[in-house]
Structure formats: C-alpha cells, structure tokens
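Worksheet: the structure to be examined is printed underneath.
The chain is numbered in sequence order, starting from 1. Heavy-atom basis, side chains included; hydrogens, waters and symmetry copies ignored.
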Amino acid sequence: MRAAAARYGTAGSLVLTALVAAPAHGAAAPPAPELLGTAVAARHAEVAGIRWGTCAKAEGLPSSLKCGTVSVPLDYARPYGEQIRLTVSRAKATGKYAKRAVARQGALVFNPGGPGASGMYFPLMGLMPEWKRLGAAYDLVGYAPRGVGRSAPLSCQDPKEFAKAPTQSQSHPDPSYKRERIAQAKAYARGCAERNPGLRHYTTLNNARDLDVLRAALGEKKLTFMGASYGTYFGAVYATLFPAHVRRMVFDSAVNPAPSQIWYHNNLDQSAAFERRWADFRAWVARHHRTYRLGATADEVLHHYEKVRAELAHKPAGGKVGPGQLQAAYLMAGYYDDFWPARAEALSAYLKGDARPLIQQAAPEPRAAAEEENGNAVYTAVECNDAPWPTDFATWDRDNAALARVAPFETWDNVWMNLPCAYWSEPRQQPVDVRASADELAPTLILAAERDAATPYDGALELHRRLAGSVLVTERDAGTHGIGGGPNRCVNGHLEAYLLEGRLPARRAACAPHKEPQPRSGTRAMPRPRAL
C-alpha cells in the first residue's frame, strides 16, 4: 500500500544531521542514502507507533492476539517515496509464571526464515510450555516480511499452475528433462519481473532495514530478536548495519554468512547435508524394521523408497501424488525428525496396498496454493537479488552432476528451485560482509544442531567467527532444523538464561541430543516455530 509522503513531515531531519556527522561503523564517507532513509523511516515509525486491533480474518489468528501494520519505504534511498505496509502480530507479556510476577522486558521479535515465511503465528507459541517463561517476560511479536502474506505480497505465477500435480522428480535427470526445467525456470523469472514492478527492492538488506523500522514502531530503543534459518542471515546483516541497536539476538540454525557462500554455494552445501540427514532417517526406519517392514538396513529402506517412486512415476497415488510430491514430502524428514514416524508409516502402508496415508501427507492442499506460491516468489526474489549467480547452465550442470553422484536425494530438485536466478533480469547486489566487533555489538547467542541439513553446521561456526562476543550452543548428534523452544531442555535452558537474564556460557557449550522419536508416535499437535 502507499502512504502519503507528507506524513513523514520533518521528523527525520535531526536524525539525518546526526548520521551525517557520525558515519556508521566502517564508513570513511557519509552514510549511504539507504542508511539515511532507514533513519527517517524509523523516526517516523517511532512517532506513529502501531495501532493494535483485531487481526484480519485472513490471518486465521485467535482474538487473543492483536495485529497492526508498520509503514516502510519500498526503496530506502527514497524514504519519502512509495510506502508498503508490513503486518505485525502481538501477544502481550503475561507478567506471570508459576504464579509469580515477572517483570516485562519489552518485545521479542521472531522471524522463522524462508525467505518467504511469515511469523504472524509466532505469538501463539506463548501457549506452549517451552515458551511460557519467555511469554511472561516479553511481548511476543511476529510479522510478515515484505512480500509475504499481506505485506505487499509478491506473486510470480498463477497459484493453480504452481500447485499443479502430479509432477516428476529425477535424481539423475536426462537431457530432455533438463531442457524442460530450464524453460520453466526462464518462464518463472519472466513472470516475477512482469508481475512485480518493485521486485529489485525485495532483498535481505531491506529486510534488515525493515526490522529496524519495526523496532522503532514497537517503541524499543534496542532490539531483542530471534531468527531461525534465513532469519539468522538477515539478523546477522542487521547486527552488521545496526550493532548499537541490538539488545539481545538469537541465531537459531545459522545460514553460512560468508559472502562467497551467498547463495549458490550454500545451496550446494545444503544438498550434500540433506543426503546425510536422509541417511539418518533411513537408518532410524531400519532400526524399527519390526514396525515398518521396510528393511533392516538403510540401503534396504532406500530400495523400498525408490520402488515407490518408480510406481508413482507411472501411476500417481490418488491422481495427485507423483515423484515430485513424494520427494517434497520426504524432504520434510530431512528437516524435522518428528516427521519420521508418519513418513515411515505412509511408505509402509503404500507398499501394503494402502495409499491413503501417503496421499494425506503428500498431496497438494488446494487451499494452501496461494500461500505457497507467494512464499516461493519471495524466496526466489530475495535470493536472486541478494548476490550474483552463475548465468550459464553449464556451470550448474557441472557442479550438480558431480554432487548428485554422491548426494542424489535433493541435489537436482534444489537446482530447479533456484535456477530462475540464472535468468534473473534485475540487478544483483554484492552480499554483505557480515561481521561485528565485541566493543560495538552486545553478546549474541547461536544455536545449532550438528547434523542440520537445511543450514549445515559450518554456517554456525562461520557466524560465530564473524560476530565477536557470540557464544555457540551445539546440540550434538542431532539434525532438527530450528532447535530453540523445542524438546531439548539443555538448549532451552541456555536460550532462557540468555533472553531472561542476559547470561551466556563462558565459551562454546554442547547439549546431548534430544530423544529420537518413537515409532508410530506421530507429530506434535501444535508445531514449534519452524525454520525454512
């Protein structure tokens, strides 16, 4: 939405003067226009605040939560130009835990990752036992980043086309299939450019700037923030741009922020890591052969999975579940081990002649098509805008064909998801050199599972090196993506000590892994904040 430029008035003039007189960290020249524009927008947001009210029906949130909007510039170099509105949700601090009064510590802002995921549901986490202490001390604040949900949404394709099923998936694609997917990637990139005039402004840098405006709108002098997965990357960019504005910051399942990794090489590393986690799932299924009858070794389980995939290529289950839908469903087992029992049960049932569990878990949900297409559009826009990508398919073909020989599970599907970036029409940015010294940035907390596939563990080590004063807490021999507020009490103890008391371990800390799921245990009735 647009907001009249006159609403800003002269609120940012004093801030602009101060910034020109005192350049940001590392700057030898006056601040860039975007930094000045962020100061203008933040000052306006601080004055305007957020008018909290009933959440829109489209959000699907209960009446106990309140919602509002925050205006930010589409282009921070033109802070008085076109404005967009970000939707925000909040559950106020309860002020009480275990019948004791708890002092309020301000707002805790959360982002679940993506790019393209909405955090509007986050305040509901205060209802879960693992979050009650934090919900007593903090207003739990979620929001939809630019492009997501009702926050100036992006769309690159008709949702019905995006959700079309069944589709194929090849671990070692033939030339004809590659040509088909290249054509689809080119069409998708064109659709993004044609449907979204302001596409180049959907970037990690602008997500970080938006976060500072949200901080000001919430009335917070300093930000308390928790980001998961991609949320760790733009949180790290925020810490680089605005280190003096950070109160406490948690990075849960960290993206590798090295500029050379963003984003092409991160995706190669991710595909390799998913192969390891896929093996973990198959080994677990094999240990429960008596329950699932899918094989007593990981290789035998793989044989049964490939048998199902071959059958679905010729006869999709329920007319909607082909190899593409099977792959997407079982990829979730690489993200979260609480999916393992249900996925194993579905595979077992299908091989016994009952396709219903597989259809239930893998078939597209038509009502979710628009949301999923929107999320994919934002993901694509941010990652393609953020950094240079190889523009010659021969590079992608060479790198991924070699990787697929040892990591076939996810490699080529990861290529097809990101390939529009090879044909992107918008100008590319250079990635931010994430880093901060201990004298400019408050101590921060990094959480990481050692066998995380979506954000491999090396990313946490790299972020730890780049943010002086940060402390890394590792969940050993575990691979769930997004571990804060989950089933590991040791991890949660470090998280609470930091957010509630500002207390961190002296150096790195390690936690034993949480318990593996039990066969046929199913999934949680209410999911934790999930990173993508």
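Between Tyr121 and Phe110, the ring planes lie perpendicular to each other; the angle is over 60°, past the 30° to 60° tilted range. Classification of the Tyr336-His481 ring pair by plane angle, with boundaries at 30° and 60°, yields tilted. Under the 30°/60° scheme for interplanar angles, the aromatic rings of His245 and Tyr238 are found to be tilted.
What you find for Ala93 and Arg104 is that their closest heavy atoms are CB-CG, 4.2 Å.
Under the 3.5 Å distance criterion, with hydrogens and angles disregarded, no donor-acceptor pair is assigned to the side chains of Tyr230 and Thr455. Residues Tyr143 and Ser118 have side chains that never bring a donor and an acceptor to within less than 3.5 angstrom of each other. Between the side chains of Thr203 and Asp386, no donor-acceptor pair of N or O atoms lies under 3.5 Å.
In this structure, CZ on Arg451 lies 12.0 Å from OG1 on Thr480, to the nearest 0.5 angstrom.
Using a 4.0 Å cut-off between charged nitrogen and carboxylate oxygen, Glu496 and Arg133 count as a salt-bridge pair.
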Identify every side-chain donor-acceptor pair in residues 371-384 under 3.5 Å, counting partners at least two apart or on other chains, and give the distances.
| from | atom 1 | to | atom 2 | distance (Å) |
| --- | --- | --- | --- | --- |
| Glu373 | OE1 | Ser155 | OG | 3.0 |
| Glu373 | OE2 | Cys156 | N | 2.8 |
| Glu373 | OE2 | Gln157 | N | 3.0 |
| Asn374 | OD1 | Gly149 | N | 2.9 |
| Asn374 | ND2 | Gly147 | O | 2.7 |
| Asn374 | ND2 | Leu154 | O | 2.9 |
| Asn376 | ND2 | Tyr188 | OH | 3.0 |
| Tyr379 | OH | Glu383 | OE1 | 3.3 |
| Tyr379 | OH | Asn418 | OD1 | 2.7 |
| Thr380 | OG1 | Asn376 | O | 2.8 |

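With Gln261 as the partner, the side-chain hydrogen bond (donor to acceptor under 3.5 Å, both in side chains) test is satisfied by one option alone out of Asn267, Asp458, Asp269: Asp269.
Put simply, the side chain of Ser229 never gets that close to the backbone of Gly231: no donor and acceptor are under 3.5 Å apart.
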